[in-house]
Protein chains: 2
Amino acid sequence: MIYSPVTIGTFPDMSSEEPGLRARKKQRTRETIVEVAMRLFAERGFDGTTIADIAAAADIAPRTFFGYFPSKEAVVFHEHDELLASFAARLQARRPGETAFDALRAWLLELIATLGVDDPHGDVRRRLIAETPALAAHDRANRAQLETVLAEAVAVDLGTSADALAPHLAAAAAIATLDALDRYYDGHAQPEAVKGILDEALAFLHGGLRALPRKPAAGARGKRRP
Amino acid sequence: MIYSPVTIGTFPDMSSEEPGLRARKKQRTRETIVEVAMRLFAERGFDGTTIADIAAAADIAPRTFFGYFPSKEAVVFHEHDELLASFAARLQARRPGETAFDALRAWLLELIATLGVDDPHGDVRRRLIAETPALAAHDRANRAQLETVLAEAVAVDLGTSADALAPHLAAAAAIATLDALDRYYDGHAQPEAVKGILDEALAFLHGGLRALPRKPAAGARGKRRP
DNA sequence: AGCAAATATTGCGCTCACTGCAATTCTGCA
DNA sequence: TGCAGAATTGCAGTGAGCGCAATATTTGCT
């Protein structure tokens with residue numbers, strides 16, 4: 001119900017140069033499912049939409065749905081695997097001297113810049129997560145994965161073992177920033193606000209509560225403070 | 001699937017002085033269900049145990065199970081509501097000058113002292129959570145609730161609004177400590193190790209990564225460092 | 001004790017997610 | 001064109017969870 005990999009058959013190539021007809025068709029079907037499902041979710045709600053509805057609207061057999069996604073929830077988070085991989089790669093690829101948090105910051109900013117153009121489902125997804133406990137749970141599970149890879153990288157930075165306390169605390173706080181980002185991201189990308197949030201978060205990570213302004217009053221649209 | 005309150009009928013009194021036969025009986029049944037279910041889970045695993053199994057073993061009708069717990073998962077976390085309430089109360093009741101983190105620390109230490117005598121299912125629960133994704137998800141949901149009440153208290157401490165960034169980051173990091181506690185808590189309470197972990201966590205919360213020792217090597221059994 | 005209202009238990013039937021398996025259809029390639 | 005591998009599908013089943021109505025039990029009251 002929360003596992004990621006798809007199990008039926010082998011997923012078509014995608015990695016080698018030529019996608020091939022087969023792979024392209026599968027990709028297209030996948031996209032159709034996502035499109036159709038998100039539309040239905042938006043219209044009738046997540047719980048108000050059955051797998052049968054989705055299958056019918058996507059013109060596939062109900063059974064076939066599970067060849068593409070392991071659960072109904074997974075459709076809502078269809079990009080998660082890529083995001084996770086991309087983040088892990090970005091952490092791997094950081095320059096010497098660049099901390100894991102620097103990488104997180106850079107990755108997020110780039111992601112947001114890209115998403116602004118490219119994520120037609122962001123608003124729906126946020127709404128669905130907010131109103132559907134099962135999706136909120138899934139979302140937390142996804143974040144926990146991000147947290148894990150981040151914690152590993154932080155551990156390297158700090159020179160501690162991967163299961164030491166500090167990296168996990170720091171990673172948890174860093175990932176909690178994503179919540180804030182989502183909260184303040186309501187649909188319209190505001191790179192300024194995002195940067196403010198990220199800078200406040202980094203200040204906290206580095207210097208703790210001591211490093212934070214005492215009375216930022218309302219909201220988290222922090223006037224960044226190094 | 002994750003909501004807390006039980007829905008069938010009104011839960012018997014429990015708050016006024018005299019429990020009454022009805023309430024006592026319900027309480028007894030509830031405990032029976034927990035006992036029986038945890039035993040079955042331990043023997044056959046969470047997924048290997050059906051509601052029907054539990055009902056049969058507890059000598060109630062399957063339908064009746066749902067008068068006591070809203071889901072199979074809820075049985076595993078049967079004390080969560082009390083814990084949450086107790087934590088919220090402790091936060092409410094802190095003395096002037098006592099920070100939310102102080103309260104968290106005190107609450108945890110007391111809890112652990114109590115649990116040592118009183119939590120016969122702790123080990124099983126930890127094992128189940130580790131091996132069952134659905135339970136891990138539930139566990140995260142529970143922690144998120146703790147995080148929310150903690151963040152509110154921290155916001156008061158900091159003089160920020162409840163949805164500002166800082167309190168949430170700090171609360172997330174603080175709650176992440178519970179993970180570590182669980183990891184190192186393998187069955188045998190070790191108040192020393194627990195205090196070490198808590199102190200390291202508090203140091204991080206207050207002073208950030210800057211405040212932490214650079215090379216604690218393996219594990220999180222931190223030699224506390226103010 | 002006896003009765004009526006409140007509450008708890010139960011059975012029944014239903015919906016829906018999800019799975020294993022085997023039959024069938026399709027695609028890529030020789 | 002034909003074949004091997006891969007994808008689609010149907011079928012039958014399991015199990016969680018819910019709404020509802022019937023039944024049983026408890027409680028407060030007289």
Side-chain angles (χ1 to χ4, degrees), chain A residues 1-3 5-14 16 18-30 32-33 37 40-41 44-56 58-76 132-135 137-138, chain B residues 1-3 5-14 16 18-30 32-33 37 40-41 44-56 58-76 132-135 137-138:
Chain A
M1 224 184 202
I2 261 177
Y3 320 86
V6 166
T7 42
I8 292 187
T10 305
F11 229 68
D13 208 307
M14 300 286 297
S16 82
E18 284 287 330
L21 179 91
R22 211 168 204 144
R24 269 182 289 128
K25 193 177 170 189
K26 257 213 135 180
Q27 187 55 31
R28 199 153 17 93
T29 303
R30 193 184 150 94
T32 303
I33 293 176
L40 291 178
F41 292 158
R44 320 179 188 172
F46 184 79
D47 292 328
T49 308
T50 69
I51 301 271
D53 293 338
I54 298 170
D59 205 48
I60 56 172
R63 188 64 182 80
T64 304
F65 173 89
F66 294 102
Y68 288 87
F69 296 95
S71 70
K72 210 169 69 166
E73 286 93 342
V75 180
V76 177
T132 314
L135 291 177
H138 219 87
Chain B
M1 226 184 203
I2 261 177
Y3 319 87
V6 166
T7 42
I8 292 186
T10 305
F11 228 68
D13 208 306
M14 299 286 297
S16 80
E18 284 288 331
L21 178 91
R22 208 168 206 145
R24 269 182 290 129
K25 195 176 168 190
K26 258 214 133 180
Q27 188 54 33
R28 199 154 16 95
T29 304
R30 190 184 152 93
T32 304
I33 292 176
L40 291 178
F41 292 159
R44 320 180 188 172
F46 183 78
D47 293 328
T49 307
T50 69
I51 302 270
D53 294 337
I54 299 170
D59 204 47
I60 55 173
R63 187 66 182 80
T64 303
F65 174 89
F66 293 103
Y68 288 87
F69 296 96
S71 70
K72 212 170 65 165
E73 287 92 344
V75 180
V76 177
T132 313
L135 291 177
H138 219 86

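If you're wondering where the values come from, they're calculated on a predicted model, not measured in any experiment.
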S.K.: Any side-chain N or O of Y68(B) less than 4.0 Å from the OP1 or OP2 oxygen of dT9(C)?
M.R.: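 Indeed, a polar side-chain atom of Y68(B) lies that close.
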S.K.: Angle between the two end axes of the helix from dA1(C)-dT30(D) to dA30(C)-dT1(D), five base pairs per end, rounded to 10 degrees?
M.R.: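 Both end axes considered, the difference amounts to 10°.
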S.K.: In whole angstroms, how far is the P atom of dA16(D) from the CZ atom of F66(B)?
M.R.: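 Atom-to-atom, F66(B) to dA16(D), this comes out as 7 Å.
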S.K.: Drop me the distance from Q27(A)'s CD to T32(A)'s OG1, to the nearest 0.5 angstrom.
M.R.: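 Separation between the atoms: 9.5 Å.
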S.K.: Between P on dA8(C) and CZ on R24(B), what's the gap in Å once rounded to a whole number?
M.R.: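 Taking CZ of R24(B) and P of dA8(C), I get 15 Å after rounding.
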S.K.: Under the side-chain contact (heavy atoms from CB on, under 4.5 Å) criterion, do I54(B) and F41(B) qualify, and how do the steps go?
M.R.: CA-CA 9 Å; I54(B) 299 170; F41(B) 292 159; 3.9 Å; yes
S.K.: What about R63(B), does its side chain sit under 3.5 Å from the base of dG19(D) through a donor-acceptor pair?
M.R.: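 Per atom types, the contact qualifies.
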S.K.: Of all the heavy-atom pairs spanning K26(B) and G67(B), show the shortest one and how long it is.
M.R.: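 For K26(B) versus G67(B), the nearest heavy atoms are NZ-O, 3.8 Å.
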S.K.: Output one line per pair: protein atom, nucleotide atom from nucleotides 28-30 of chain C, and distance, for all N/O pairs under 3.5 Å.
M.R.:
{"from": "dG28(C)", "atom 1": "OP1", "to": "L21(A)", "atom 2": "N", "distance (Å)": "3.3"}
{"from": "dG28(C)", "atom 1": "OP1", "to": "R22(A)", "atom 2": "N", "distance (Å)": "2.8"}

S.K.: Rounded at 0.5 Å granularity, tell me how far OH in Y68(B) sits from CD1 in I33(B).
M.R.: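 If I round to the nearest 0.5 Å, the distance is 6.0 Å.
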S.K.: Please report the distance, rounded to the nearest Å, between NZ in K72(B) and P in dG15(D).
M.R.: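 Atom-to-atom, K72(B) to dG15(D), this comes out as 9 Å.
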S.K.: Using whole Å, what does the distance between atom P of nucleotide dT27(C) and atom CZ of R28(A) come to?
M.R.: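 So the CZ-P distance, R28(A) to dT27(C), works out to 10 Å.
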S.K.: Just the rounded figure in Å: distance from P of dG10(D) to CD1 of I51(A).
M.R.: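 Rounding to the nearest Å, CD1 of I51(A) and P of dG10(D) are 15 Å apart.
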S.K.: Could you state the NZ-C1' distance from K25(A) to dG5(D), rounded to the nearest angstrom?
M.R.: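 In whole Å, dG5(D) C1' lies 15 Å from K25(A) NZ.
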S.K.: Roughly, in whole Å, what's the span from CZ in F65(B) to P in dG11(C)?
M.R.: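 One finds 16 Å between P of dG11(C) and CZ of F65(B), rounded.
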S.K.: Which heavy atom in A134(B) sits nearest to a heavy atom in E73(B), and how many Å separate them?
M.R.: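 Looking at all heavy atoms of both residues, the shortest contact is CB-OE2, 3.7 Å.
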S.K.: How is T49(B) classified with respect to the nucleic acid when contacts are heavy atoms under 4.0 Å: base, sugar-phosphate, or nothing?
M.R.: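 Sugar-phosphate, no base atom in range.
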S.K.: If you check the T64(B) side chain, which of dT10(C), dG11(C), dA16(D) turns out closest?
M.R.: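 Between dT10(C), dG11(C), dA16(D), the one nearest the side chain of T64(B) would be dT10(C).
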S.K.: Looking only at heavy atoms, which two atoms of F65(B) and I51(B) are closest? And how far apart?
M.R.: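 Closest heavy-atom pair between F65(B) and I51(B): CE2-CD1, 3.5 Å.
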S.K.: Taking all heavy atoms of T49(B) and all of R44(B), pick out the closest pair and write down the distance.
M.R.: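 The answer is OG1-CB, 3.9 Å.
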S.K.: Round to the nearest Å and state the distance from F69(A) atom CZ to dT19(C) atom C1'.
M.R.: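 These atoms are roughly 18 Å apart.
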S.K.: Indicate the atoms forming the closest heavy-atom contact of F69(B) with R30(B), along with that distance.
M.R.: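 Closest heavy-atom pair between F69(B) and R30(B): CE2-NH1, 3.6 Å.
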S.K.: Indicate the atoms forming the closest heavy-atom contact of D53(B) with G48(B), along with that distance.
M.R.: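 So the two residues come closest at OD2-O, 4.0 Å.
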